Peer 1: 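The structure under discussion is supplied below as structure tokens; questions concerning it will follow.
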Amino acid sequence: GGGGFILNYDFKSGDLVFFDGRETAPSSAKIDMFMKEGEVMSFREAWVSGKAVGSPGAVALYKTAHNQSGKVDWNKLFDHAINLAENGFKVSPRLAGFVQALESFGRLSINPGSKEYFYPSGSPLKTGDILKNMEYANTLKRIAQEGPEAFYSGPIANEIVASATAEPNPGTLSLDDLKNYKTVVRPVICGSFRDLKICTTSPPSSGGAQIMIAGIYDHLIDKSLSKKDRITAFVDAQRLSYADRDHYFGDPDEVEIPLDALLNPKYLKLRSKERFSPNETPTPGNPSKVLGYEDNEIPKWGSDNTEEASGTTHISIIDFEGNAVSMTATIESAFGSHRWASGFLLNNEMTDFARKVPDDGTRLANAVAPNRRPRSSMSPTMIFDKYNNLLMITGSPGGNSIPAYVAKTIVGVFDWGMSAQEAVNQPNIVARGEKVKVEGSRQGKKIKKMLKRKGYNVINFGNNEVSGLHLITVLPSKLDGAADKRREGKVVYLKNKNEN
């Protein structure tokens, strides 16, 4: 019921491909669809509304990727998931905790389908319960046999539209919107970090923020800096990069994004000199100052007001042939829009747009528009050495915090000298806007005190906002995987069937 981004690396050819399976707004979406009587709809109301549901991209995304690189027959890929749906799986502590927490919040315990699935007999699921979903198994069987057409038309599509257009606050998603959905193959963007190369996904993703954060950070440090000062530099690199990301990034098919200028090393060097005082709110930069652009060649947008909830999932993979995938997928918030269709939940990705229409009429890069893809914080990323050898695959869930989470692994491994797992375990620090969020671990509390002494407006993370980093580093003698213990991720090593 959602979408995602796949960054795919082919070992033999060295080719990198970015598959964009981001959801799209309904063709009848309006810029003010989240406004009511001149006021913006609260996030809580918008989150579970039909207006929040966009055309899901996941099924088309998987088929597009499979058409290019798949080896196993399409219809066999669903067997394991069908088995889990028919025979059940044990409810994990994290899932049980969220179901219990949402019993009186949102509409998960109210809406048809989700009510029966997550609250059988009127009570929330418990850890260890066996959860089955025959409705979902049937949906998967149809897609396995008939392909994406079974999802984007016919009975499944009818259920999606019926759910999205139901009260309260119905949306306008139509059968034509589903039928017309297409995956887009977009450019992979790469930028230098010392003698390394950061390669990642272009807008509407926020992969470019990885190049910006690393580049600015490198201008803010020198060999003599202590670890504390390097953390401060990491905070300021985030503040500057988030300000630019928030201002300029959107759907590249719909708005002009000066991406080459924003990622240009000359601009990143200049931007590093625009470091804001800890008590200031960072504002976006203007790359026309150093790159020879006329001022009117750089788009001017209003102040971004996008809110993006934490959520999402990520997986990093290297196979026996050296091929690699970094994939981030999402239905946005916890349980998406809480709306159910054919055994699965629908997304609330439309709340990733700027919901508030500015009073002064200024345009926003990430405003709602028909068929537009909302900006995403998802940032699947790979790192290569100067000989184009793969060194790292990384990515994370976490809503607006994703750029910070992923950047932490890059800086942690390649500047702070950490192993993959040490980088993941390092306290999360997210510096967007006027506030700096610091994780409340023992080490995090020390970082928080240090940043407060320097004048930063430091706050705690929310209870439900945690990273879910999943990365692999390629070492001379082995692959070193790491999963975020803040969630339920794991590292799995498989034996080649030809090995003993």
Side-chain angles (χ1 to χ4, degrees), residues 2-7 22-23 43 47 94-95 97-98 101 200-201 204-210 212-214 234-235 237-239 241-242 245-246 249 304 306-316 326-336 347-349 351-352 366 374-381 392-413 420-421 423-433 435-441 444 447 459-471 482-490:
F5 298 140
I6 293 177
L7 180 62
R22 184 69 161 152
E23 299 84 347
F43 182 82
W47 164 28
R94 182 175 171 81
L95 174 56
F98 269 102
T200 186
T201 49
S205 94
S206 292
Q210 299 309 314
M212 295 161 67
I213 293 172
F234 182 54
V235 165
Q238 283 189 49
R239 280 156 57 86
S241 300
Y242 265 113
R245 192 283 306 246
D246 289 351
F249 280 29
D304 181 75
T306 304
E307 296 178 52
E308 187 178 344
S310 59
T312 311
T313 188
H314 180 85
I315 190 166
S316 298
S326 179
M327 183 185 81
T328 317
T330 187
I331 56 172
E332 222 273 350
S333 298
F335 304 99
N347 68 82
N348 65 299
E349 297 298 348
T351 60
D352 276 356
N366 191 37
R375 184 186 70 212
S376 172
S377 290
M378 297 188 294
S379 307
T381 299
M392 177 191 278
I393 311 169
T394 186
S396 181
N400 259 321
S401 300
I402 291 174
Y405 295 154
V406 177
K408 179 187 71 169
T409 64
I410 297 172
V411 172
V413 169
Q421 192 64 56
V424 171
N425 295 346
Q426 174 75 8
N428 285 320
I429 305 168
V430 181
R432 180 184 183 228
K435 298 176 182 177
V436 181
K437 293 185 290 186
V438 180
E439 191 174 4
S441 62
I447 293 172
I459 61 172
N460 292 323
F461 270 78
N463 292 332
N464 294 327
E465 185 174 12
V466 294
S467 54
L469 285 156
H470 197 242
L471 68 145
D484 204 323
K485 294 178 172 57
R486 299 171 181 85
R487 295 204 184 192
E488 295 172 340
K490 60 176 66 176

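It should be emphasised that the depicted structure is a prediction, and the values quoted were computed from it without experimental measurement. We count residues from 1, following the sequence as given.
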Peer 1: Should the pair F335 and F98 be assigned to parallel (<30°), tilted (30 to 60°) or perpendicular (>60°) ring geometry?
Peer 2: perpendicular

Peer 1: Looking only at heavy atoms, which two atoms of A404 and I429 are closest? And how far apart?
Peer 2: CB-O, 3.6 Å

Peer 1: Shortest non-hydrogen contact from S326 to T381?
Peer 2: OG-N, 3.4 Å

Peer 1: Which heavy atom in A237 sits nearest to a heavy atom in S241, and how many Å separate them?
Peer 2: O-OG, 2.8 Å

Peer 1: Would you say the side-chain atoms of R375 pair up with the backbone N or O of D246, donor to acceptor, closer than 3.5 Å?
Peer 2: yes

Peer 1: Among D352, T313, N348, T312, find the one that has a side chain to side chain donor-acceptor pair (under 3.5 Å) with T330.
Peer 2: T312

Peer 1: Roughly how far, to the nearest 0.5 Å, is CG of N347 from CD of E332?
Peer 2: 8.5 Å

Peer 1: Under the side-chain contact (heavy atoms from CB on, under 4.5 Å) test against L469, which residue among Q421, H314, K408, Q426 passes?
Peer 2: K408

Peer 1: Any donor and acceptor pair, going by atom type alone, linking the side chain of S206 with main-chain N or O of S376 inside 3.5 Å?
Peer 2: yes

Peer 1: So which atom in L7 and which in P380 form the shortest heavy-atom distance, rounded to 0.1 Å?
Peer 2: CD2-O, 3.6 Å

Peer 1: In sequence, state the C-alpha distance, the side-chain angles, and the governing distance for N428 and Y405, and then conclude on side chain to side chain contact (heavy atoms under 4.5 Å, CB included).
Peer 2: CA-CA 7 Å; N428 285 320; Y405 295 154; 3.4 Å; yes

Peer 1: Side chains of S377 and R245: any donor to acceptor distance under 3.5 Å?
Peer 2: yes

Peer 1: Checking side chain to side chain contact (heavy atoms under 4.5 Å, CB included) for the pair I331/E23: CA distance, chi angles, key distance, verdict?
Peer 2: CA-CA 9 Å; I331 56 172; E23 299 84 347; 5.7 Å; no

Peer 1: Between E439 (side chain) and P427 (backbone), is there a donor-acceptor pair under 3.5 Å?
Peer 2: no

Peer 1: For V466 and R487, which heavy atoms make the closest approach, and how far apart are they?
Peer 2: O-NH2, 3.2 Å

Peer 1: Please check: side-chain N/O of R432 versus main-chain N/O of S401, any donor-acceptor pairing under 3.5 Å?
Peer 2: no

Peer 1: Can you see which heavy atom on T409 is nearest to which on A423, and at what distance?
Peer 2: CA-CB, 4.1 Å

